[in-house]
Structure formats: structure tokens, C-alpha cells
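In what follows, every chain begins at residue 1, and chains take the letters A, B, ... in the order their sequences are listed.
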Amino acid sequence: MDIKKGIAVSPGVVISTALVLDAEDLVIPRRQIEACAVEEELARLRQAVAQSAADLQSLRASIASDHGKEIAAIFDFHIGLLKDKTVINQITAEIVNNHSTAEHAVSVVMRRLAATFQRMSDRYFSERVKDLHDIEKRLLRKLIGSRHEDLSKLEHDVVIIAHDLLPSQTAMLDRTRVKGFATDVGGRTSHTAIVARALGIPAVVGLGNITAEVSGGDTVIIDGSRGVVIVNPDEQQLAEHREFGERLFRFETELQKLRDLPAETRDGVRVSVLANIEFPEEIDEALRRGAEGIGLYRTEFLYLASDHEPTEEDHYRAYVDAISRLDGRQLVIRTLDLGADKYTQEKQLNPERNPFLGDRSIRLCLHDIPMFKRQLRAILRASVQGNVKIMFPMITTIMELRQATMVLRDVMEELEDEGIEMKRDLQIGAMIEVPSAAIMADQIAKEVRFFSIGTNDLIQYTLAVDRTNERVAGLFSPAHPAVLKLIRDTIEAAARNNIDCSVCGEMAGEPLYTLLLLGLGLKTFSMNGPDIPEVKKVIRSTTMEHARWVAQQVMSFDSERQVMHFLKEETRKLLPEAF
Amino acid sequence: MSFKAITPMPTAEREVIIANSLGLHARPAMQFVDLASTFSSRVIVQKQCGECYEVDGKSVMQMITLEAGVGTKLKIRADGEDADAAVRQLAELVENKFGEE
């Protein structure tokens, strides 16, 4: 039994079997063996080494011509490493002394060796690290062999234990089987946290070294409400958490009753509550939580989920899938919002020095028109099947918006020439997530049908804070008066120009800000599915008059501390159990 | 009566300088290890710059960690019955630039 404390990022309690994800999606089934199994494990290792060497020999033989001399030399080197006694002895020692599985021993030793290589100053030699990774993967594939679990088709329910979940991994996961996440690193806004909240499953991140302490198959309790993970719990802990889980479940059920009730204030003002999604499959859960439609469909996952850029058909299939789950409810598709992330940076020849101020989002799309057009074509083709709207992210000048709209018009003409059906009057919206756009909201409003305020980026760019940098993350706050003024001005500009305005950033899903946003005149809230019931509850327990008064008070404050304090007080009066 | 039992193990050593332009990279290191492994003697390779660093001449993994670029001075030592032949042939391999150039 082992209790680990981390950061609670998605509430709920789950008791399930651990699935440990290592690098490259190779799942190391177990890390420890019984002392009596050492001999068997050594035999597995010998066999894997022999098989790997044989594979390499035949690969080498197939390219033995002069032409492939350099490649042949690489295979020779790999075979040499496999035969190297100093390497094999270290792996053997790890199995014998620490009772590690062959898989775990290979991983530990190869990484230790890789670390020595990496310390070398000569570039040629430090690059040999790649050869070590290759050998490691080759051996692991042999060892794991048929035991390798296909993450997209899991046999039973699991909780995922990983160093950090990569978007490519979450995209692949069998989401019907995954019941919780626990990771070594990450924070409240990490990818793992966002996905967990979207799926409505508990998650704890920032646990330090949980991947080293959990073996595949261990029973694990993930308490995403209190930020605790218990490995191999005893009877008492199991009982305790079962009960806590049931209590939470009852509270959730209570909130579920709100599902079919309208998001309406006590004095009869109706607002819309929509959900943010990353995968079409999330729609079902969002609707169960009471979403009236999808206010933000992030399409980046189509790019992150596979090793090739999505084709027009990949896009089209995903959009049609989403539409078919919505039964006529609205679907706001945000065009590609990549850049400033690992995926695009690694693909670039010259990594940008300041990627968040660089070639990202709509800028990236306008620099790669063929790619942009593929997505737009798919959206337009899908548009005839449902209530689709399109939204351009990270608009900073009106010219970008006009260019993007022009590309869309081009695509419309192309489709028309080809005789393909589309919805010609598809609504176009702009995301307001850069201060320049918020300040120019009145002008931008004249060229679009709706706004969507992306608070996460708006805060980052207004306050000049990278919230993933823990040294300054404390400065990141939606409650900063400067941020609030930009939000207010944007909502007012939309109202003056008779267009819709929503907030789709995390702020929309935090009940703490519901009164304020309502009072500022916001009519559409778009958030992660699980946040809907609580936000709805705040809306249903107040009046517009009260919300307006709250907003007025808040806008007179000069510090985020004052704002937070006041909002907490006011919200607590409405929902004593929430805070 | 024989003194053979206390005759010390034959030992040989020789200094060489890496002469091929790419240094002791993967292929030459493999050639060195393959040749060293044909002898029964223990083969030790020492790097002479700064603090002395020595590795097993029969381990390609360790040979790579010598990080021996062109011009690096190495000492090849062998302990065992065929020490002389081992050192001679290994030194020649290095001096002939591993047949590369």
C-alpha cells in the first residue's frame, strides 16, 4: 500500500486496475517478479536478445550491397550492442538483484546508458542515443510481443498511469474502458486534465514518479477530488473510497436532475449552455450533462491523432460523426488552432524562438492554404447535414479575418463548380482571444455573425503570463480587472452590433464567474461537459437584476483579489455547498 | 621445480593516435571490438586526456563512450597469453585508419 499526493484536476473517485504507459505506447505489463521467477525471466531476456540479433542479421543481409554500406554498418553496430557483455550483464543484474521483469530491466538499463551518451559533448557520439532507443524498442517489442495491449481495444476497465499523456495517446485510447488518469507531471491546465474533465473521469497529475511505483495490474484508487492516488489499497481504504465515491455519485445525480431544466434565471431570462469537445464521442456525455449543443469543437486532435496530416475525408468523417450525434443542435467547428506546441515545433526546421507570439493558429493556416482548404472543404461538405457554424481562432487584425473568409469563399466556389452541396449561409465567427481583437471588437463585429471569447489565451496575452511556467503561473487570473474590461467590451460590442457572443474558455465553466458573466450580458456559455450542471445551478438560482449588480460591483474593483473575494461571497450565498 | 606458476601474466601496451577523420565512430568501434574479441587476453583501452578513463576493448558500448575523435591519444593494453599479438594487431587497425581512407 502506498499513498501518493498530487494535484486534483478532475473530480470523482475510481477504483480500478492500472495500465502503465511507457514511452512509445509500449505498455510494460509488470515491473516486478517473484524471486523464484528470476531464472524464467533471464531465459526470456536471452531469447529476446537472440531473436532481435537474428532479425538484425537478416535485415543486414538484405541490404548488403555496396549501396547500403552505411546502413549495414548501423545494423552491425546494433548487433554489436546486443552482444555486448557489459550491456547484457547490466540488464541481467537488474533482473537478479531487483527482481525486475525483463521488460523493466531493459528499459532501466537502456535509459541509464542513454543518459551517459547524452552527456557526451561531441554531437556524433551523443546522437548515438538514438541507436540505444532503437535497441530498447526492439527488445521491448520482442519481450512484450503478444502481451502488447492495443490501447484502442481494451478488454476491461482500467486507469491509465503515465508520465504525461500525449495528445496522440489520448486520441488512441479506448475511451469506454478508461476510468481515470494519474500522471507524473502536469498541472490544472495540462492536456491530461482537460481530457479527463471532458470525459468526466477522475484524474490526479503532478504525482512525481507514479509510473515507477505502479505495476501494470495493480489495484489503484484515483481520488480526483482530493488529489490522492493509493496503490494497492487495504480493505479499509477500499471501503472508505467506495463510500466516498457513492456520496459523490449521489451529489452528481442531484445535479443531473438539472439536465432537462432550462438555463434560465429566476426572472425568466434564458441563456444557452453549450459544451466544448475534442472528439465527436464526447458529445453523448456532454448531452447527458445537459449541453444544448457544441460551442467549441477543437479540431486539432485530427492532426495529433495520426502520423499524417488528416485528409479531407478524415475531416469530413469526423464532422459528420459529430453532426449525427447532435440531432440538429448546433456545432461550432473551430478551424485548426495548432502551433506553439510540441507537435508543430518538432516538425519545423527552425524552431521558433517565441512560438506563442509566432506562426500559430489562423496564421499557420493562412501560410498553408492547401491544408487550410482541405479542412474548409470538409466543413462545408458536412454543413448540409446539420447546424454547423465555423469559427476562426486567434484573429489579431481584421485583415486576417478577411483573408480567412476569402479562402472560405474560394472553397465555396470550387465546391459549387464541382456541383457539391453545401450550406452557403453558414455562420462565420471570430474568436476573441488576443487583446487587439477585443479592443477592435466593434469593427470585427461588422464582419462576422458571432464572437467566441477564448479566455485562456486572452488572459495569457493580456497579462503576459505563461500559465504553464510555475514561477509566474500565480499571475494568471481571469479575475484581473484588465481582462474583465476586455471581456465586458467584447460582449457589449457584440450586443451593439446585434451578433451573438459566447465565452468558451475555462472561465465559462467555473461557477465562480457565472454571476459576473451573466451580469455583463453574456448569453452563451460554452464549457466542458462535466461543468454544466453546476453552472446551470448558479444561473437558475439568481436573477438578472442581481447578476447585473454583481457585475457592476466587480467592475469597480482594482485588484483580482478583491474580485475573487467578492465573487466567492456572492456565489456562496446562492450555492452554499459549492465552495 | 617450475617457476611458471608465479610468472606474471604477459602484458603489452602501446599508444596510438586516432587518425581517421570521423574518429572512433560506430563502424570502427565495431571493427575494433570484433578484432579484440578474437583474442583471449583482456583488452583495455585508456583515453589519455585529462583524467585517465579506461574501458573494456571488447565492449562496443564502452568504446563509444571514449568519445575518441580524430587526434585522440589512446593507450591499448592487453593482459593474457596473446597480449602481444592483440596489441600489435589492434594498434595496426587504428593506425591504418580502420581501412577507411
Side-chain angles (χ1 to χ4, degrees), chain A residues 49 52-53 56-57 59-60 63-64 66 68-94 105-106 108-136 138-139, chain B residues 17-51 53-74 77-80 86 90 93-94 97-101:
Chain A
V49 170
S52 300
L56 283 166
Q57 290 287 7
L59 274 172
R60 191 207 182 287
I63 45 120
D66 267 5
K69 228 172 166 181
E70 279 306 312
I71 308 171
I74 292 170
F75 285 133
D76 282 339
F77 178 52
H78 285 191
I79 296 166
L81 283 172
L82 279 173
K83 285 188 184 154
D84 195 325
K85 289 211 173 56
T86 64
V87 177
I88 300 301
N89 289 349
Q90 285 189 54
I91 302 176
T92 308
E94 175 69 31
V106 165
V108 165
V109 170
M110 295 311 271
R111 275 164 212 202
R112 194 191 301 147
L113 294 175
T116 20
F117 273 37
Q118 254 155 354
R119 278 197 295 273
M120 298 200 247
S121 50
D122 184 299
R123 181 106 188 281
Y124 170 80
F125 292 106
S126 58
E127 290 229 319
R128 299 282 64 74
V129 146
K130 291 181 192 146
D131 295 298
L132 291 182
H133 286 321
D134 240 42
I135 295 278
E136 179 188 350
R138 190 174 286 282
L139 283 171
Chain B
I17 291 174
I18 298 291
N20 61 315
S21 56
L22 284 172
L24 200 60
H25 64 97
R27 182 164 33 173
M30 269 320 295
Q31 280 176 274
F32 190 98
V33 169
D34 283 343
L35 181 58
S37 303
T38 62
F39 299 100
S40 61
S41 297
R42 203 161 77 99
V43 177
I44 300 294
V45 181
Q46 291 178 338
K47 189 170 174 179
Q48 298 295 68
C49 69
E51 57 195 287
Y53 175 64
E54 65 170 52
V55 302
D56 181 345
K58 294 183 182 181
S59 161
V60 68
M61 165 74 208
Q62 295 196 8
M63 289 294 286
I64 287 289
T65 63
L66 282 173
E67 229 183 320
V70 61
T72 308
K73 206 187 275 181
L74 297 177
R77 202 182 81 217
D79 306 315
L90 288 167
L93 179 68
V94 175
K97 305 183 181 180
F98 301 91
E100 270 191 354
E101 287 151 38

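Rounded to the nearest 0.5 angstrom, B/Met61 CE and A/Phe77 CZ are separated by 8.0 Å. Annotation: the span from B/Gln62 atom CD to A/Thr86 atom OG1 amounts to 4.5 Å, rounded to 0.5 Å.
Exactly one of B/Asp56, B/Val60, B/Ile64, B/Val33 qualifies for a side-chain contact (heavy atoms from CB on, under 4.5 Å) with A/Asp84. That residue is B/Val60.
Heavy-atom distances place the side chain of B/Met30, and not its backbone, under 4.5 Å from chain A. Both the backbone and the side chain of A/Leu113 come within less than 4.5 Å of a heavy atom in chain B.
Among residues two or more places apart in sequence or in another chain, the salt bridge (charged side-chain N to carboxylate O under 4.0 Å, His left out) test is passed with A/Arg138 by none. Here A/Asp131 pairs with A/His78, A/Arg128 under the side chain to side chain donor-acceptor pair (under 3.5 Å) rule; sequence neighbours left out.
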